[in-house]
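One structure below.
Any value given below was found using the heavy atoms of this structure, including those in side chains, with hydrogens, waters and symmetry copies removed. To find a chain, count down the sequence lines: A is the first, B the second, and so on, and within it residues start at 1.
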2 protein chains.
Amino acid sequence: MDQTHDTDLRIDHSPTTLRELAVDRLRQAIISGRFSGGERLVERTLCDQLGVSRSVVREAIRYLEAEGLVETLARSGPMVAKLDWARARQVYDIRGLLEAEAASACARLADDGVKARLHAALRTLEAAFTDADPSRLYHATTKFYEVIFTSAGHDIAWEIVQRLNSRISRLRALTLATTDRRVSGPAHMARICEAICNNDAPAAAKAVRVHLADAAEIARMLLEKET
Amino acid sequence: MDQTHDTDLRIDHSPTTLRELAVDRLRQAIISGRFSGGERLVERTLCDQLGVSRSVVREAIRYLEAEGLVETLARSGPMVAKLDWARARQVYDIRGLLEAEAASACARLADDGVKARLHAALRTLEAAFTDADPSRLYHATTKFYEVIFTSAGHDIAWEIVQRLNSRISRLRALTLATTDRRVSGPAHMARICEAICNNDAPAAAKAVRVHLADAAEIARMLLEKET
DNA sequence: AATGGTATGTTGGTATACCATATGGTCACA
DNA sequence: TGTGACCATATGGTATACCAACATACCATT
């Protein structure tokens, strides 16, 4: 709250380059399933679709390649990275480690401001769930975790989790949509929120692990069914 | 050993693109301290130094940017990412989680082949230590962990750890060099190796955590001393 | 039908041109 | 002397054109 005073009257220079836009668009297109796994990404086609030049497209692809969303085959060019259960399982395991740790730290540190933001995120999440709005639910879930990670000071872990999430984004969208079978989604989140608001670190970590184990189980069934 | 028969007379198509080479060179230059943290990376200068065109340099920079080694400021261009203790601490924490989990899994799964490779890696590590060869020590340590992660099937976690390691590479080189104060380096590794070879998962995880706590402590002192 | 050549498409690599912006300096003027 | 206008330079961002290598599909010859 003290250094904001410094940056307060700073001009919001936001020169969002074309490249950043292209990265976002492409990432979103992959995440949303617009491009399916294994699909080739032909540079010049993307130039037309995005309305930018090859330089921009190529640099965007390099970025997404380093993110793990795109893999470039030797002489065949870039394609959307494929996802099998062996890899997805690893992603869920790593998320479990990082998110449990973050929730634990958050529970130890949470003050009233954090708790308020967490409750707010939970409310929009529940609203999105009752409205059956997948996109809002997706973003609300992300926001919920963002509060946990950033208030715990785990910036880098949050970067990693976001990257992992975009890799399994299709699965994530599916699991979020499949939660009609159980009331798991918001119920799990509510338990996480409750544990953090009670400053109960072990309970928070446990609640996160339960939620992720559940999500991973749903993901496994989805993945093994479709192959 | 059986599929090598298939690929034996296969031409070793190594289409290492200029871009990959550029990425490796730049990464190595940053890791080795050739470019220090905060230093600007002027594109056209890099073109001359690397002997490639701007396209290649720019794409390489995008890759390293996504890796977290380079950050691009709004209208000032790319620069080598800086590292403070707040971020380094997070990196050590995350490494602790991932490496402990990997060592644990490795200890559960390790068969004779894994144990042999682990011992081999440990021997070259110890040799590099007695020879006081920092570069070999660095690579041997990396190799040691690579055996642990890959034999545990934690490919993705290994990717993440490697990325984190390149971020703190300067620190890592320093901590590896500073271990004359204690005999910690290879001694810790030996204990990790021993626990895994005894298939003692909890001991392996604990040994990893001890080693990392030690490394983090050295890193903290180094970082706070130089600022 | 098998073989060998050919055409096309895609990519990697490069060079170059143009524009916008930031920076720093110079110079005229108050 | 200080101030503001102005310009030159450096740099990043973007677009475009070109070429070579390679893979794939297709076609012709035997």
Side-chain angles (χ1 to χ4, degrees), chain A residues 7 9-27 29-30 35-67 69-82, chain B residues 6-7 9-27 29-30 35-82:
Chain A
T7 60
L9 53 150
R10 218 184 159 68
I11 298 178
D12 182 21
H13 253 351
S14 61
T16 44
T17 64
L18 267 191
R19 183 182 62 245
E20 291 175 56
L21 290 176
V23 168
D24 287 343
R25 291 291 180 86
L26 281 179
R27 189 194 287 118
I30 295 174
F35 298 120
S36 50
E39 187 168 345
R40 288 187 58 184
L41 297 172
V42 181
E43 295 183 358
R44 285 162 171 94
T45 308
L46 292 179
C47 292
D48 293 341
Q49 293 174 326
L50 292 173
V52 295
S53 76
R54 265 185 78 200
S55 322
V56 178
V57 168
R58 285 176 63 92
E59 291 183 28
I61 286 179
R62 289 314 148 236
Y63 198 94
L64 295 174
E65 189 181 352
E67 270 192 359
L69 266 185
V70 168
E71 33 191 58
T72 301
L73 275 65
R75 273 179 207 78
S76 151
M79 51 175 275
V80 180
K82 275 182 288 191
Chain B
D6 259 346
T7 60
L9 53 149
R10 206 179 169 71
I11 297 179
D12 181 21
H13 250 348
S14 59
T16 43
T17 63
L18 267 192
R19 184 183 62 248
E20 291 174 57
L21 290 176
V23 167
D24 287 343
R25 291 291 179 88
L26 281 179
R27 189 195 286 118
I30 294 174
F35 298 120
S36 49
E39 187 170 346
R40 284 186 59 184
L41 297 173
V42 180
E43 295 182 359
R44 288 169 169 90
T45 307
L46 290 179
C47 293
D48 293 341
Q49 293 175 327
L50 292 172
V52 296
S53 77
R54 266 183 84 196
S55 321
V56 178
V57 168
R58 287 178 62 92
E59 291 182 30
I61 286 179
R62 289 314 146 236
Y63 199 94
L64 296 175
E65 188 181 351
E67 270 191 0
L69 266 184
V70 168
E71 34 191 57
T72 303
L73 275 65
R75 274 181 205 79
S76 151
M79 51 174 276
V80 179
K82 275 182 288 191

Task: For B:S55, all residues meeting side-chain hydrogen bond (donor to acceptor under 3.5 Å, both in side chains), sequence neighbours excluded - done: none
- [ ] Test for a donor-acceptor pair under 3.5 Å between the base of D:dA15 and the side chain of A:S55, counting only N and O atoms.
- [x] yes
Task: Qualifying residues under side chain to side chain contact (heavy atoms under 4.5 Å, CB included), relative to A:V42, sequence neighbours excluded - done: A:T45
Open item on the list: Taking salt bridge (charged side-chain N to carboxylate O under 4.0 Å, His left out) as the definition, give me every residue that meets it alongside B:R27, ordered by chain and number, with sequence neighbours left out.
Closed with: B:D24, B:E67
Can you give me the N/O atom pairs linking the protein to nucleotides 8-12 of chain C at distances under 3.5 Å, or say none if there are none?
from	atom 1	to	atom 2	distance (Å)
C:dT11	OP1	A:L41	O	3.4
C:dT11	OP1	A:E43	N	3.3
C:dT11	OP2	A:E43	N	3.4
C:dG12	OP2	A:E43	OE2	2.6
C:dG12	OP2	A:R58	NH1	2.9
C:dG12	N7	A:R54	NH2	3.3

- [ ] With sequence neighbours excluded, tell me which residues meet side chain to side chain contact (heavy atoms under 4.5 Å, CB included) with B:A66.
- [x] A:Y63, A:A66
TODO: Could you name each residue pair satisfying salt bridge (charged side-chain N to carboxylate O under 4.0 Å, His left out) that touches residues 44-56 of chain A, not counting sequence neighbours?
DONE: A:E43-A:R54
Task: Separation of atom CD1 in A:I61 from atom P in C:dG13, rounded to whole Å - done: 13 Å
TODO: Take atom CG of B:L21 and atom P of C:dT14, then tell me their distance rounded to the nearest Å.
DONE: 10 Å
